[in-house]
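Below you'll find the structure, written out as structure tokens, and then a few comments.
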Protein chains: 2
Amino acid sequence: MIERMTSQKEIILKYLKSTTSHPSAEDIYLEVRKELPRISLGTVYRILATFKNKKKIIEIAHEVSRYDANTDPHSHFICESCDNIYDIEIPNFKKNINKRGHNKASCLKKIFGDFIKVGKINNYQIYFYGKCKKCSKK
Amino acid sequence: MIERMTSQKEIILKYLKSTTSHPSAEDIYLEVRKELPRISLGTVYRILATFKNKKKIIEIAHEVSRYDANTDPHSHFICESCDNIYDIEIPNFKKNINKRGHNKASCLKKIFGDFIKVGKINNYQIYFYGKCKKCSKK
DNA sequence: TTATTATCAATAATGATTACTAATTAGATT
DNA sequence: AATCTAATTAGTAATCATTATTGATAATAA
């Protein structure tokens, strides 16, 4: 099966790369409809699934799934008040995560202990739940 | 609204406390039906929602929701091969998480940087995805 | 015991996501 | 450039987890 480039894929990825708002499939559908008025929601879901398989995007499974084209290692802060999701940089996290046996004196070891014993980690997601600054000011 | 203790609540919580298997609502329904043959799935969902509000249990929002009566700070390892979820102890994690300004020399500070600037964290969930030891041996 | 009201079982409704199918189209071949 | 063909799509139906509804039941108060 040779993959074909289509305007649907192109425009969805372009939109995801242009935003940090972590839109849902529905949000993406409503947005790209401005350029592709005949696109269907099923197409959006299918294209998002293929992007996820190819690791072009990340799925955030909090209530309805939301999507993020930022594939650099980072985490998310979910405001329980406004439901916005904010990107969080956690430098050096994944890089060190499988280094059991190495860096014994390292900070990671001290904090996380020997939790890697359950298996081999391919990936991780950290979700922080709280109230964002904007909502705290209200 | 004064809460009433019922056998449905009692048996669901007893079951959740007895297991580390992170069952879904459906799993719980099938299990507690052995003791309560007439219980309905809607009742299970409603009771789980009240337990979650009261922080008696944790909801793990990975694909279908799964539930955990272990409310000590801990994280989860999800085996992408067998779909089992394993508990992970990460000592001292939450305890230190909001201490921005304190422990400046601490390990947490070094690793996580100043990500707390987006807001006040009430809670967090870490999901590790990978392949568990059992599946690696197959 | 009777009244009140939280809770329940049963079932219908909802809403996100997936599956299906006939029509379309990207890219290869002529 | 025209044709071919298999990947992709639009439109729609189906699925499945979860929530809402409703009349019946049962726990607690009066």
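Per chain, numbering begins at 1; letters A, B, ... match sequence-line order.
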Any Lys/Arg nitrogen of B:K14 or B:E31 sitting under 4.0 Å from an Asp/Glu carboxylate oxygen of the other?
-> no

Is there a side-chain contact between A:H74 and A:I88 (heavy atoms, below 4.5 Å)?
-> no

Look at B:Q8 and C:dA9 and indicate whether a side-chain polar atom (N or O) is within less than 4.0 Å of OP1 or OP2.
-> yes

Figure out the OH/P separation between A:Y29 and C:dT18, and round it to whole Å.
-> 17 Å

When you look at NZ of A:K55, are more than 12 heavy atoms from neighbouring residues, nucleotides or ligands closer to it than 6.0 Å?
-> no

Which nucleotide in the set C:dA16, D:dT5, D:dT18 lies at the smallest distance from any side-chain heavy atom of A:V64?
-> C:dA16

Does the side chain of A:S65 get closer than 4.0 angstrom to OP1 or OP2 of C:dT17 through an N or O atom?
-> yes

Any side-chain donor-acceptor pair under 3.5 Å between A:E59 and A:S65?
-> yes

Could you check whether the rings of A:Y127 and B:Y127 sit parallel, tilted or perpendicular, using 30° and 60° as the cut-offs?
-> perpendicular

D:dA6 P sits how many Å from A:M5 CE, rounded?
-> 21 Å

Separation of B:R4 atom CZ from D:dT25 atom C1', in whole Å?
-> 11 Å

Can you check the B:D27 CG to D:dT18 C1' distance for me, whole Å?
-> 15 Å

Verify the contact: side-chain N or O of A:T6 to OP1 or OP2 of D:dT9, cut-off strictly under 4.0 Å; return yes or no.
-> yes

Electrostatic pair A:R66:A:D83 at N-O distance under 4.0 angstrom | yes

Using a heavy-atom distance cut-off of less than 4.0 Å, which residues of residues 31-53 of chain B contact DNA chain C?
-> B:R38, B:I39, B:S40, B:T43, B:R46, B:I47

Aromatic ring centroids of A:H62 and A:Y129 under 6.0 Å?
-> yes

Can you tell me how far P of C:dA16 sits from CZ of A:R66, to the nearest Å?
-> 13 Å

Under 4.0 angstrom, heavy atoms only, what part of the nucleic acid is B:E3 near: base, sugar-phosphate, or nothing?
-> sugar-phosphate

Could you give the CD-to-C1' distance, from A:E10 to D:dT8, as a whole number of Å?
-> 14 Å

Interatomic distance where CD1 belongs to A:I2 and P belongs to D:dT8 [whole Å] | 9 Å

